Amino acid sequence: MLYRNAEQLTEPEKVRLEKLPESTLVRLRDNVRLEEKEDSEEIVQTYHFDEVVFELPEDSGISTAEEVEENFADWWTYGSQPEEETPSLEERISLLEEVILAM
């Protein structure tokens, strides 16, 4: 999933792997820029960037952020692809009917 113009107060890592119980979440950051703005007489610095977030495929063989960074552009393209929409109830029933009729 691609997020444009994400922001945070600390400098973001280019590649971050987050181990979840059953998978690994990948966060890729690119086009990082530091911006300053005044907030009630105080200058606040924030980092703005584009971010891609996706679950790492189980068969990828990747275990470290360095391995992802070696092929950053390819992983960015992979993670930027639109997610497949979940079929509606009507679509699922229609598919089941087709399978049953084919038997």
Side-chain angles (χ1 to χ4, degrees):
M1 181 174 296
L2 174 63
Y3 299 103
R4 297 229 181 253
N5 203 23
E7 66 178 77
Q8 66 184 45
L9 295 175
T10 58
E11 186 172 4
E13 301 166 275
K14 185 171 182 122
V15 176
R16 181 174 179 175
L17 301 181
E18 297 175 6
K19 302 287 185 188
L20 303 175
E22 296 183 14
S23 64
T24 300
L25 193 66
V26 178
R27 294 182 178 276
L28 305 178
R29 282 80 176 250
D30 202 10
N31 303 321
V32 178
R33 60 209 172 276
L34 181 61
E35 296 181 9
E36 295 181 349
K37 59 182 169 182
E38 264 187 63
D39 184 24
S40 63
E41 298 183 21
E42 180 181 27
I43 295 177
V44 177
Q45 294 183 331
T46 56
Y47 289 88
H48 294 258
F49 50 92
D50 297 332
E51 180 176 49
V52 169
V53 180
F54 59 92
E55 283 189 27
L56 192 63
E58 291 180 21
D59 62 349
S60 68
I62 301 292
S63 59
T64 66
E66 290 77 21
E67 292 173 308
V68 174
E69 195 164 352
E70 287 175 5
N71 295 308
F72 185 86
D74 292 337
W75 285 110
W76 185 272
T77 300
Y78 172 83
S80 298
Q81 300 300 316
E83 294 180 8
E84 290 183 24
E85 292 185 29
T86 304
S88 67
L89 179 59
E90 291 81 15
E91 292 170 328
R92 295 188 334 221
I93 290 172
S94 177
L95 290 171
L96 284 172
E97 287 175 341
E98 288 177 23
V99 169
I100 290 171
L101 290 173
M103 295 170 130

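Just so it is clear, the structure is predicted and the values come from calculations on it, not from any experiment.
- For the pair R29/Q8, a side-chain contact is recorded, criterion being any heavy-atom separation below 4.5 Å from C-beta on.
- Atom CG in D30 sits 4.5 Å away from atom CZ in F72 (nearest 0.5 Å).
- For the atom pair CG of N31 and NE2 of H48, the computed distance is 13.0 Å after rounding to the nearest 0.5 Å.
- For residues 81-103, no pair satisfies ring pair (Phe, Tyr, Trp, His ring centres under 6.0 Å), with sequence neighbours left out.
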Using a 3.5 Å cut-off and no angle test, enumerate the donor-acceptor pairs between side-chain atoms of residues 11-25 and protein atoms at least two apart in sequence or in another chain.
from	atom 1	to	atom 2	distance (Å)
E18	OE2	R27	NE	2.8
S23	OG	E55	OE1	3.4

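- Residue L96 holds its CG atom at 11.0 Å from CG of L101, rounded to the nearest 0.5 Å.
- Note: E7 CD to Y47 OH = 13.0 Å, rounded to the nearest 0.5 Å.
- E67 pairs by the side-chain hydrogen bond (donor to acceptor under 3.5 Å, both in side chains) definition with S63, T64, not counting sequence neighbours.
- Under a hydrophobic-cluster definition in which Ile, Leu, Val, Met, Phe, Trp and Tyr are linked whenever side-chain heavy atoms come within less than 4.5 Å, directly or via other members, V32 and W76 are assigned to different clusters.
- Note on ring orientation: taking the six-membered ring where Trp is involved, the planes of Y78 and F54 are perpendicular (angle over 60°, cut-offs 30° and 60°).
- Using a 4.5 Å cut-off on side-chain heavy atoms (C-beta onward), V26 and V52 make no contact.
- Side-chain N or O atoms of T77 include one that pairs as donor or acceptor with a backbone N or O of A73 at under 3.5 Å.
- A salt bridge is absent between K37 and E35: the closest approach of a Lys/Arg side-chain nitrogen to an acidic carboxylate oxygen does not fall below 4.0 angstrom.
- Across all their heavy atoms, L9 and V44 have their closest contact at CD2-CG1, 4.3 Å.
- For the atom pair R4 CZ and F49 CZ, the distance stands at 13.5 Å (nearest 0.5 Å).
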